[in-house]
Amino acid sequence: RYHLMSLLCRSNKSPWVCLTCSSVHCGSYRCDDFVVNDTKLGLVQKVREHLQNLENSAFTSDRHRKRKLLENSSLNSKLLKVNGSTTALCATGLRNLGNTCFMNAILQSLSNIQQFCCYFKELPAVELRNGKTAGRRTYHTRSQGDNNVSLVEEFRKTLCALWQGNQTAFSPESLFYVVWKIMPNFRGYQQQDAHEFMRYLLDHLHLELQGGFNGVSRSVILQENSNLSASNKCCINGASTVVTAIFGGILQNEVNCLICGTESRKFDPFLDLSLDIPSQFRNKRTKNQESGPMCTLRDCLRSFTDLEELDETELYMCHKCKKKQKSTKKFWIQKLPKVLCLHLKRFHWTAYLRNKVDTYVEFPLRGLDMKCYLLEPENSGPESCLYDLVAVVVHHGSGVGSGHYTAYAAHEGRWFHFNDSTVTLTDEETVGKAKAYILFYVERPAKPAAEKL
């Protein structure tokens with residue numbers, strides 16, 4: 001064996017490299033009977049690279065094999081036994097990004113309102129305006145600018161991912177990033193109020209959608225959708241969008257002066273109704289512990305629409321008396337929405353903190369009749385006032401700044417429980433026992449004329 005220094009002195013010999021020990025040799029000398037003659041010292045590096053590639057290839061193959069096993073395991077975990085046969089659980093959970101259960105519960109509820117969800121899922125995928133895509137036409141303009149984000153686009157992507165059935169959980173990081181950008185109240189990782197988030201979300205979707213789609217006015221697009229006719233629109237903060245067309249209703253607020261009898265009427269649009277739980281039921285805890293009359297959703301609706309005498313802090317400015325007077329107030333529903341969202345006011349402020357009303361409120365899963373709360377019930381059809389439950393948001397815990405949110409939702413005739421990334425099949429009895437915080441009811445479609453006959 002020769003070292004490199006001795007090799008330099010033997011100019012008449014041809015150098016070679018031992019691939020076993022990586023030593024450099026000259027002439028016909030042997031190294032452990034394994035000799036390769038080559039005049040290029042770079043052969044060692046080539047062989048080493050080849051061995052490294054083989055090792056990487058084996059590692060990649062093993063990684064793909066493990067991933068395949070995980071996917072098969074994930075798929076098997078999403079198979080359910082229904083009526084003795086195996087069926088796929090196509091529902092997808094949402095990963096908790098740090099106290100984001102309030103957002104997950106609302107997103108899962110909205111994703112199961114078919115008319116609302118399908119509208120966004122059918123929108124074309126678009127790119128945001130930046131240096132590379134500045135020439136492309138986009139349908140969202142209201143939320144652009146320095147932030148360069150689109151709530152509509154990220155909301156669309158999230159809805160598309162939730163019912164594809166190819167993953168057990170989806171991470172809504174991009175949507176949450178947009179929420180941070182355009183809704184400063186929800187920045188950070190502290191617990192938030194799910195109802196407050198829902199209102200902000202719907203309001204910002206409504207505002208962004210008012211920008212139109214690829215130069216086509218929003219009214220034209222709504223008219224092309226036969227299910228969103230002009231008679232179903234309710235304008236809030238400007239022109240109508242799919243948000244107001246589905247969730248929008250109109251209240252009539254009547255105020256009567258108790259001194260001169262002057263009546264004042266005002267029409268207010270709404271996206272949801274916030275209902276007080278009557279005070280006589282607030283000490284009730286669970287359904288099994290009820291010792292007296294049980295609080296029902298009808299009790300809460302009746303409390304909302306009953307005639308109420310305003311107290312001293314809410315004196316009405318009477319234009320006839322020219323001063324503030326005692327008065328009464330009553331709400332009527334002038335127009336019902338296609339999706340009726342009812343918020344039970346479970347949190348109320350005391351002198352120092354916000355307490356939770358933990359009363360169980362009984363609610364119907366189907367056939368909620370809203371006709372008796374209408375201003376002109378005689379002008380509505382027999383079935384246009386009936387609503388069926390499609391989703392429920394539940395708050396678990398004692399305070400608004402703590403606890404946990406989950407959701408129940410109906411999809412293709414089956415009820416699911418959405419607990420962040422975990423989705424389980426449930427039944428109507430379990431749903432009916434939940435202490436609801438937000439209820440989503442869908443208008444029952446009218447029967448065809450042939451069926452009525």
So ring-ring contact (aromatic ring centres under 6.0 Å, His included) across residues 417-439, not counting sequence neighbours, yields H343-Y437, F347-Y437, Y408-H417

Point-to-point distance, once rounded to the nearest 0.5 Å, from CG of D272 to CG of L439: 11.5 Å

Less than 4.5 Å apart, any side-chain heavy atom of V152 and any of L123? yes

Polar side chain donor-acceptor pair, E208 to Q210, under 3.5 angstrom: no

Between S111 and Q108, the two heavy atoms sitting closest are OG-O, 2.8 Å

Grab the two heavy atoms, one from A436 and one from F363, that are nearest each other, plus how far apart they are. CB-CE2, 3.9 Å

Residue pair G432 / L365: nearest heavy atoms and the distance that separates them: CA-CD1, 4.1 Å

Are any non-hydrogen side-chain atoms of S150 and V178 less than 4.5 angstrom apart? no

Residues forming a ring pair (Phe, Tyr, Trp, His ring centres under 6.0 Å) with F197, sequence neighbours excluded: F102, F186

Report the C-alpha distance between F416 and T424 in whole Å, list the side-chain angles of each, state the deciding distance to 0.1 Å, and finish with yes or no for side-chain contact (heavy atoms from CB on, under 4.5 Å). CA-CA 6 Å; F416 295 88; T424 55; over 6 Å; no

Residue pairs meeting ring-ring contact (aromatic ring centres under 6.0 Å, His included), one or both in residues 304-330, sequence neighbours left out, come to F304-F331

Are there over 12 heavy-atom neighbours, none belonging to K121, within less than 6.0 Å of that residue's NZ? yes

Output the distance between atom NZ (K433) and atom CD (E362), rounded to the nearest 0.5 Å. 12.0 Å

Holding to side chain to side chain contact (heavy atoms under 4.5 Å, CB included), I want the full list of residues that pass it with Q334, two or more places apart in sequence or in another chain. I250, F267, L375

From CG (L202) to CG (L271), nearest 0.5 Å: 6.0 Å

Look at the side chain of Y441 and the backbone N and O of P364, then say whether any donor-acceptor pair between them is shorter than 3.5 Å. yes

Quick check: do L342 and I438 have side-chain heavy atoms less than 4.5 Å from each other? no

Spatial distance of atom CZ (F247) from atom CE (M198) [nearest 0.5 Å]: 7.5 Å

Measure the spacing between OG1 of T305 and CE of M370 and express it to the nearest 0.5 Å. 8.0 Å

Quick one: list whatever passes side chain to side chain contact (heavy atoms under 4.5 Å, CB included) with Q325, sequence neighbours left out. C257, I259, C318, C321, K323

Sort and list the pairs that fulfil salt bridge (Lys or Arg N to Asp or Glu O under 4.0 Å) and have at least one residue in residues 388-410, not counting sequence neighbours. D388-R444

Keeping the roles fixed (side chain from N96, backbone from D420), state whether a donor-acceptor pair exists under 3.5 Å. no

Where at least one partner belongs to residues 340-350, residue pairs that pass salt bridge (Lys or Arg N to Asp or Glu O under 4.0 Å), sequence neighbours excluded: D276-K345

Under a 4.5 Å cut-off applied to non-hydrogen side-chain atoms, are V361 and T296 in contact? no

If you measure from the Lys or Arg side-chain nitrogens to the Asp or Glu carboxylate oxygens, is any gap between K330 and E254 under 4.0 Å? no

Considering only residues two or more places apart or on different chains, which pairs with a residue in residues 102-117 satisfy salt bridge (Lys or Arg N to Asp or Glu O under 4.0 Å)? none

Say you draw a straight line from CG of L175 to CZ of R156; how long is it, rounded to the nearest 0.5 Å? 12.0 Å

In chain order, what residues pass the side-chain hydrogen bond (donor to acceptor under 3.5 Å, both in side chains) check against E263, with sequence neighbours excluded? R265

Sequence neighbours excluded - salt bridge (Lys or Arg N to Asp or Glu O under 4.0 Å) pairs with any residue from residues 295-306: D299-R302

Nearest heavy-atom approach of C295 to T359 is CB-CG2, 4.2 Å

F270 and P337: which non-hydrogen atoms are nearest, and at how many Å? CZ-CD, 4.0 Å

Taking side-chain hydrogen bond (donor to acceptor under 3.5 Å, both in side chains) as the definition, give me every residue that meets it alongside Q191, ordered by chain and number, with sequence neighbours left out. none

Got a sec, which residues hit side chain to side chain contact (heavy atoms under 4.5 Å, CB included) with H348, two or more places apart in sequence or on another chain? T350, N355, V357

Taking atom types as modelled, is there a side-chain donor on D193 or H395 under 3.5 Å from an acceptor on the other? no

Just do the side-chain contact (heavy atoms from CB on, under 4.5 Å) check on L307 and N256 with the steps written out, would you? CA-CA 10 Å; L307 187 68; N256 285 280; 5.5 Å; no

